[in-house]
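All values below were derived from every heavy atom in this structure, side-chain atoms included, with hydrogens, water molecules and symmetry-related copies excluded. Note that the structure is a prediction, hence the values are computed from the model and not measured.
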Amino acid sequence: MDTDKNKKNAVAFYKMAYEGDPTKAVELYVGDQYIQHNPDVADGLKGFIDYFNRMQKEYPEKSIKFLRVIGEGDLVALHTHQIWPGNDQYVTMDFFRFNENGKIVEHWDAIQQVPKEMAHDNGMI
């Protein structure tokens, strides 16, 4: 398993989908199955494509910055900073599992809105 290649492909996949072309992202980077664990996104390839198409239509002025990319075995973790319309900011952590052919087959995530005030000065990014 090529962990470095999987890390690059996870970033390319997420960036392509996030920026408005989830169909191409799935064609290039996803295996025959896609197991989804986010409760707001339907399971499978179509569920992923439909969700990101809707996000692009409703929120075309969003941006993403990849802060960290961590790979181990068949898993890749992405730590991102996202800015949505109205300057709503979020920090996300996405985990992708790759199959033996280097294709994404499973996804988990956690998202947290960046608060206006924090109990420390460390920030979230």
Side-chain angles (χ1 to χ4, degrees):
M1 180 145 311
D2 188 340
T3 303
D4 287 334
K5 184 176 179 183
N6 288 352
K7 287 166 56 176
K8 290 175 186 168
N9 286 346
V11 170
F13 166 73
Y14 200 86
K15 183 173 173 45
M16 187 177 292
Y18 188 90
E19 292 179 348
D21 200 350
T23 301
K24 184 174 180 185
V26 164
E27 289 171 3
L28 293 175
Y29 300 107
V30 176
D32 292 336
Q33 69 168 352
Y34 185 78
I35 302 168
Q36 179 62 259
H37 295 280
N38 180 319
D40 295 326
V41 182
D43 196 32
L45 304 175
K46 183 178 181 328
F48 176 86
I49 291 168
D50 289 349
Y51 178 83
F52 275 93
N53 278 334
R54 182 171 56 85
M55 288 298 102
Q56 181 63 21
K57 183 177 180 181
E58 293 177 10
Y59 307 103
E61 300 299 320
K62 61 191 180 309
S63 65
I64 189 169
K65 180 178 180 184
F66 295 89
L67 305 172
R68 290 171 184 81
V69 181
I70 301 165
E72 181 179 307
D74 62 353
L75 298 173
V76 172
L78 303 179
H79 181 204
T80 73
H81 177 222
Q82 300 181 18
I83 302 175
W84 289 69
N87 200 36
D88 280 338
Q89 297 187 45
Y90 296 88
V91 172
T92 68
M93 292 173 204
D94 290 85
F95 295 84
F96 298 97
R97 183 173 62 85
F98 285 76
N99 67 16
E100 62 280 351
N101 298 318
K103 298 292 185 177
I104 296 168
V105 295
E106 194 164 7
H107 170 256
W108 301 261
D109 65 354
I111 184 167
Q112 183 177 7
Q113 189 167 22
V114 176
K116 304 281 187 241
E117 296 180 20
M118 293 185 227
H120 55 74
D121 295 328
N122 300 328
M124 290 182 61
I125 55 174

Query - With D40 via side chain to side chain contact (heavy atoms under 4.5 Å, CB included) - residues at least two apart - result: N38
Query raised in the report: Are V26 and W108 in one and the same hydrophobic cluster, where Ile, Leu, Val, Met, Phe, Trp and Tyr link if side-chain heavy atoms are under 4.5 Å apart?
Result: no
Query raised in the report: Quick one: do V91 and I64 end up in the same hydrophobic cluster if we chain Ile, Leu, Val, Met, Phe, Trp and Tyr together by side-chain heavy atoms under 4.5 Å apart?
Result: no
Query - Residues forming a side-chain hydrogen bond (donor to acceptor under 3.5 Å, both in side chains) with R54, sequence neighbours excluded - result: none
For a quick test of your reading: what N or O donor-acceptor pairs under 3.5 Å do the side chains of residues 67-74 make, sequence neighbours left out?
residue, atom, partner, partner atom, Å
R68, NH1, H79, ND1, 2.8

Query - Residue N87 excluded, over 12 heavy atoms near CG under 6.0 Å - result: yes
Report task. Taking the side chain as every heavy atom from C-beta outward, state whether Q56 and P22 have any pair of such atoms under 4.5 Å apart. Result -> no
Query raised in the report: Any chance the rings of F98 and F13 have centres within less than 6.0 Å?
Result: no
**Report entry** Interatomic distance, Y14 atom OH to I104 atom CD1 [nearest 0.5 angstrom]
**Finding:** 11.0 Å
Requested in this report: State plainly whether one hydrophobic cluster holds both Y90 and M55, where clusters connect Ile, Leu, Val, Met, Phe, Trp and Tyr through side-chain heavy atoms under 4.5 angstrom apart.
Outcome: yes
Query - Partners meeting side-chain hydrogen bond (donor to acceptor under 3.5 Å, both in side chains) with K103 (sequence neighbours left out) - result: none
Query raised in the report: So, do Y29 and M16 sit near enough that their side-chain heavy atoms are less than 4.5 Å apart?
Result: yes
Query raised in the report: P115 and M124: which non-hydrogen atoms are nearest, and at how many Å?
Result: CD-SD, 3.4 Å
Query raised in the report: Are F96 and V105 grouped together when hydrophobic residues (ILVMFWY) are joined by side-chain heavy atoms under 4.5 angstrom apart?
Result: no
Requested in this report: First locate atom CZ of F48, then atom CD1 of I35, and finally report the distance between them rounded to the nearest 0.5 Å.
Outcome: 14.5 Å
Query raised in the report: For the atom pair CD1 (I125) and CD (Q82), what is the distance rounded to the nearest 0.5 Å?
Result: 12.0 Å
Query raised in the report: Considering residues at least two apart in sequence or located in another chain, which fulfil the ring pair (Phe, Tyr, Trp, His ring centres under 6.0 Å) criterion with Y18?
Result: W84
Query raised in the report: From R97 CZ over to H37 NE2, what is the distance, rounded to the nearest 0.5 angstrom?
Result: 8.0 Å
Query raised in the report: Out of curiosity, E19 CD to K62 NZ, how far, rounded to the nearest 0.5 Å?
Result: 8.0 Å
Query raised in the report: What's the spacing between T92 OG1 and L78 CG if we round to 0.5 Å?
Result: 7.5 Å
Query raised in the report: Backbone N or O of D21 within a donor-acceptor pair of the K24 side chain at under 3.5 Å?
Result: no
Query - Verify same cluster id: V41, Y59 (apolar side-chain graph, 4.5 Å) - result: yes
**Report entry** Taking every non-hydrogen atom, the tightest pair across A17 and A25
**Finding:** N-CB, 4.0 Å
Query raised in the report: Taking only residues two or more places apart in sequence, or in another chain, which ones meet D50 in a side-chain hydrogen bond (donor to acceptor under 3.5 Å, both in side chains)?
Result: K46
Query raised in the report: Looking only at heavy atoms, what is the nearest atom pair of L45 and D32, with distance?
Result: CD1-O, 4.0 Å
